[in-house]
Amino acid sequence: MKYDFKNIESKWQKKWEEEGIYKTSEDYEKPKFYCLEMFPYPSGNLHMGHMRNYSIGDVIARFKRMNGYNVLYTMGWDSFGLPAENAAIKHNIHPYKWTWSNIATMRSQLKQLGFSYDWDREVATCHPEYYKWTQWFFLLLYKRGLAYRKKATVNWCPSCSTVLANEQVVDGKCERCKSEVTKKELEQWFFRITDYADELLDDLEKLPGWPEKVKTMQYNWIGRSEGVQFAFTEEKTGEKIEVFTTRPDTVYGVSYIVLAPEHPLVDTLCAGTEYEEPVKRFKDKMARYSEIDRTSTEAEKEGMFIGAYAINPMNDDKVPIWIANYVLMGYGTGAVMGVPAHDQRDFDFAKKYDLPIKVVITPKDKVLQAEEMTEAYVDEGILINSDRFNGINSPDAITAIGQYMSDKGIGEFKVNFKLRDWLISRQRYWGAPIPIVYCDKCGVVPIPEEALPVLLPEDIEFKPQGTSPLKDCAEFVNTTCPKCNGPARRETDTMDTFMCSSWYFYRYTDPRNQNAPFDEKKVDYWMPVDQYIGGVEHAILHLMYSRFFNKVLRDAGLVKVDEPFENLLTQGMVLKDGAKMSKSLGNTVSPEEIIAKYGADTARLFILFAAPPERDLEWSDQGVEGCFRFIQRVIRLVDDLSNKLSNAKDTGSMDRDVRFITHKTIKKATEDISERFNFNTAISAIMEMVNALNDYKDSDISKDVLKEALENLLLLLAPFAPHITEEMWHKIGHESSIHLMPWPKCDESALVVDEIEIVVQVNGKLRDKIKIPAQATDEEMQEMALKSERLIPFLEGKKVVKVITVPKKLVNIVAK
RNA sequence: GCGGGCAUGGCGGAACUGGCAGACGCGCCAGACUUAGGAUCUGGUGGAUUUAUCCCGUGGAGGUUCAAAUCCUCUUGCCCGCACCA
């Protein structure tokens, strides 16, 4: 007999589609479950990472469905983005065509895997019906004062020739193409994500269903720090130099201040002095360093005095003003106070340039001497040389000095974040156009909602230089002002694709709505997402932008939930030979070849069996073979046993054993899937059931019990291997789909046994195993254990001091 | 440097609240069926050993406990994230 997976799988896929068994509607009476997977970028072909991600999701969706939930489970395409444009330039194919043909390929690959998506809800972010609403959301943010335009030094990727958000710069390199990111002054659109910094941080606590790791990453990225902001006054010009510090308790120890080389005051302060030239040279040198070189902890601190002095407002000390590589314009005020005695960076800098070190905090047990210090003293201590604050404990002094500054009008308490506003302009073609026009008379004018979408023109020319073709498309650029009807120019930048992916999960709830991004009632029913599954690489970018979006939509009254994703599962990578599968390493295995050779059920089973979902998974061709063999064993077993079923006249002497196996497996598999997503152990439990039933092939089992065993075996396996279980389900006489059946229920009474095996230990070491009646009391257990003959040599010449009993499990005899 | 995670047979992994270490699968060994086996079935498979053993064994060293892969302290190696954030 041959396992004809090709025909079996395509037959059922066709049938499921015809019968629409995975279609979902809003049944408001039924409990809902929203199972969401991170939608793919249509790069051309499905890879193993996709297959793993979606196999996990499909099991959860099917399991929840069988458990009576109304499950929303669908698929879409994150289909705007740079690769399409690169393909256009390289292969002279229009991004539109390239993208849609990739979508078609990948859709059919997904269908071949038998995932239970409701394909009627499919969305693609590059479809005008979708990006119309992306633009609508831009306008919403604009109206709410959350979208603004400003000239800023931005991250520029020369190879992609576009700006990048901070989150897209990884190690100073472009997240996508890995080329070195440079800086550029440009007028750009930003979203005010920093308005939500506090809430994004605080609400991490409302996410117990998220991995700690992801929450920590977001926590660090938001980077909240509390401190005090106050100003030094430049001696000659009277210019205020604002600094931020988390250590106001050290303010009497300031011996210099440092500005970032790009600080606007630098030029003002040394204009016309002998320092002007060398400062300019220093700045040029800094500009040549990449961000990564300049901010690496290994980089030597480098700076110079710029010929000016500032007055410390707390004690009127006059301190020199320096510029240095280690101070960043992008954080705080771009200027810091230097306290060498109590900050390691300042200490290093002061040592190198021979700046004074002034101790203002000293440990309780001894007095610190500046000359003797080999490193900064950063711990708590008592304030000295600090005027009225002498003798105060340094943690108390932070508040006391901050309060004093605030009372005297010198400074104020301030919270700083590392999080920057989200730069969403991209100088690229294949994205959603920003719905804005520039009018000489009216200035910046948003496109009215009813005029959406602003369509991306298709008839354009791609240039190898990689500049956005939109700029050169006169029909697109030249338009009329919606306000005054005069001539106006369209914004030619498009939106960051992360904008498109920040709201797709709402669209799934109402994907064909023509009048709104989604219907309120539907979105309220489905949201939040109950289970989100995807790679950890989106821990910051996508997951934080989506959280931000959710909060904006909530404040706009469009959704009610505070957080979009209740539970998050970050699946591990798929490795081959210990390394991540990648084209450059040449160690890839494509889902396609595995499906062709073994079928979808085997592929799915293997990827779920080989490791728990959160761990990395080592690909093994032999492991795949093993799963292939397992499926064939199931087929043989079901065939053999159903033959037995048709001519059985058994009395059922083995019924109890078989029922025990059946219900034990139901219990174990149910727990493993629902409580822990440990599909690997759920599958191994099912394998054990198959092994056990094999042993009972020729035993005396009654019809009902045999039938119960077979049906439950198939039901338990159905979420993992949907095709073959459906095939066998029909083979044993069912008419309707196995995937519409309820999940098996464990009959606890079947697990009751007369006799149990317990472990007998002497001094914690296993010495015997004995069978005792299941109902035995602790005393009876001990009694029986002590009777064991195998214990005699271990107890000889010793006195039993104590006997410990773990009910139904173990007796440990402590003997001396 | 800071933060997080991991470490168990030849391999992937199991052991969930401390209670039989190595489930399940792969691989390997032996046998059966066979012209053949890279099919299938049966049995075996942590190490050591005098092969029915008061033995050793979960990266390493200590500790807590009647009992530790699991808890605590120290330590080594690997992976991930952040990284001069004032």
Side-chain angles (χ1 to χ4, degrees), chain A residues 170-171 211-217 219-221 223-225 227 243-247 250 257-258 260 292 294-301 324-328 330-339 343-346 348-349 416-419 536-537 539-540 573 575 605-606 609-612 614-627 629-630 632-633 636 668 671-672 675-676 678 680-688 690-691 694 757-769 790-791 793-796 801-806 809-815:
Chain A
V170 178
D171 290 339
E212 224 37 60
K213 183 190 162 99
V214 173
K215 287 191 280 187
T216 310
M217 282 165 74
Y219 181 91
N220 291 333
W221 187 262
R224 183 190 146 102
S225 66
V243 298
F244 172 78
T245 181
T246 53
R247 294 292 305 273
T250 66
I257 65 175
V258 194
I292 180 138
R294 214 183 103 183
T295 59
S296 139
T297 33
E298 271 106 75
E300 173 96 20
K301 294 201 176 21
N325 58 347
Y326 75 97
V327 176
L328 309 170
Y331 183 74
T333 62
V336 299
M337 60 184 213
V339 187
D343 182 286
Q344 192 55 42
R345 293 157 300 174
D346 297 346
D348 297 340
F349 193 70
N416 254 324
F417 293 95
K418 282 206 282 181
L419 182 70
V536 75
E537 66 273 16
I540 295 173
M573 288 184 299
L575 312 175
L605 206 58
F606 169 73
F609 177 62
E614 305 210 63
R615 264 211 247 180
D616 288 350
L617 179 153
E618 176 69 32
W619 185 265
S620 154
D621 291 328
Q622 284 160 335
V624 178
E625 297 260 4
C627 290
R629 279 201 292 267
F630 168 67
Q632 288 168 289
R633 270 160 66 80
R636 274 197 304 274
K668 168 84 175 141
E671 282 171 3
D672 284 353
E675 287 166 26
R676 308 191 291 157
N678 278 6
N680 55 332
T681 50
I683 293 167
S684 76
I686 298 168
M687 287 174 168
E688 284 181 79
V690 171
N691 292 347
N694 247 320
E757 191 182 63
I758 64 158
V759 167
V760 184
Q761 297 180 331
V762 177
N763 293 332
K765 289 198 167 150
L766 172 75
R767 295 305 179 202
D768 198 9
K769 292 179 188 183
R790 303 198 57 184
L791 302 187
F794 300 99
L795 294 174
E796 229 163 33
V801 184
K802 204 172 166 190
V803 181
I804 287 150
T805 316
V806 181
K809 264 195 184 153
L810 153 156
V811 175
N812 184 20
I813 299 153
V814 186

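Everything quoted here is computed from the prediction, not taken from an experiment. No hydrogens, no waters, no symmetry mates; every other heavy atom, side chains included, goes into these values. Throughout, protein chains are lettered first and strands after them, A, B, ... in sequence-line order, and every chain is numbered starting at 1.
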Does OP1 or OP2 of [N] have a side-chain N or O of [X] closer than 4.0 Å?
{"X": "Arg676(A)", "N": "A14(B)", "result": "no"}
{"X": "Asn691(A)", "N": "G25(B)", "result": "yes"}
{"X": "Arg615(A)", "N": "C80(B)", "result": "no"}
{"X": "Arg633(A)", "N": "C41(B)", "result": "yes"}
{"X": "Ser684(A)", "N": "G13(B)", "result": "no"}
{"X": "Asn220(A)", "N": "A83(B)", "result": "no"}

Across all strands, who's sitting opposite [N] as a Watson-Crick or G-U wobble pair, both distances under 3.5 Å?
{"N": "G81(B)", "answer": "C2(B)"}
{"N": "C74(B)", "answer": "G60(B)"}
{"N": "A30(B)", "answer": "U42(B)"}

*Just label G38(B) as syn or anti from its O4'-C1'-N9-C4 or O4'-C1'-N1-C2 angle, using within 90° of 0 for syn.*
anti
*asked:* Is the terminal nitrogen or CZ of Lys301(A) (NZ for Lys, CZ for Arg) located under 6.0 angstrom from the six-membered ring centre of Tyr326(A) and within 45° of that ring's axis?
replied: yes
_Base G25(B) paired with Gln622(A) side chain (donor-acceptor, <3.5 Å)_ = no
*Classify the side chain of Lys769(A) and the base of C20(B) as holding, or not holding, a donor-acceptor pair under 3.5 Å.*
yes
Roughly how far apart, to the nearest Å, are [N] and [M] at atom [atom1]?
{"N": "A14(B)", "M": "C82(B)", "atom1": "P", "result": "27 Å"}
{"N": "U35(B)", "M": "U49(B)", "atom1": "P", "result": "41 Å"}
{"N": "A67(B)", "M": "G19(B)", "atom1": "C1'", "result": "7 Å"}
{"N": "G9(B)", "M": "G5(B)", "atom1": "C1'", "result": "24 Å"}
{"N": "G12(B)", "M": "A23(B)", "atom1": "P", "result": "15 Å"}
{"N": "U65(B)", "M": "U73(B)", "atom1": "C1'", "result": "16 Å"}
{"N": "U70(B)", "M": "G59(B)", "atom1": "P", "result": "8 Å"}

_Residue list, side-chain contact (heavy atoms from CB on, under 4.5 Å) with Arg767(A), at least two apart or on another chain_ = Val762(A), Lys765(A), Leu791(A), Phe794(A)
Identify whether any heavy atom of [X] sits under 4.0 Å from a base atom; if not, whether one sits that close to sugar-phosphate; answer base, sugar-phosphate or nothing.
{"X": "Val336(A)", "result": "base"}
{"X": "Lys809(A)", "result": "sugar-phosphate"}
{"X": "Asp348(A)", "result": "nothing"}

*5'-most by nearest nucleotide on RNA chain B - Asn812(A) or Glu671(A)*: Glu671(A)
*In terms of the nearest nucleotide of RNA chain B, which residue is placed more toward the 5' end: Leu766(A) or Asp672(A)?*
Asp672(A)
*Does Val811(A) reach the side chain of Thr805(A), with side-chain heavy atoms less than 4.5 Å apart?*
yes
_Checking contacts here: which listed nucleotide (U40(B), G12(B), C84(B)) is nearest the side-chain heavy atoms of Ala610(A)?_
G12(B)
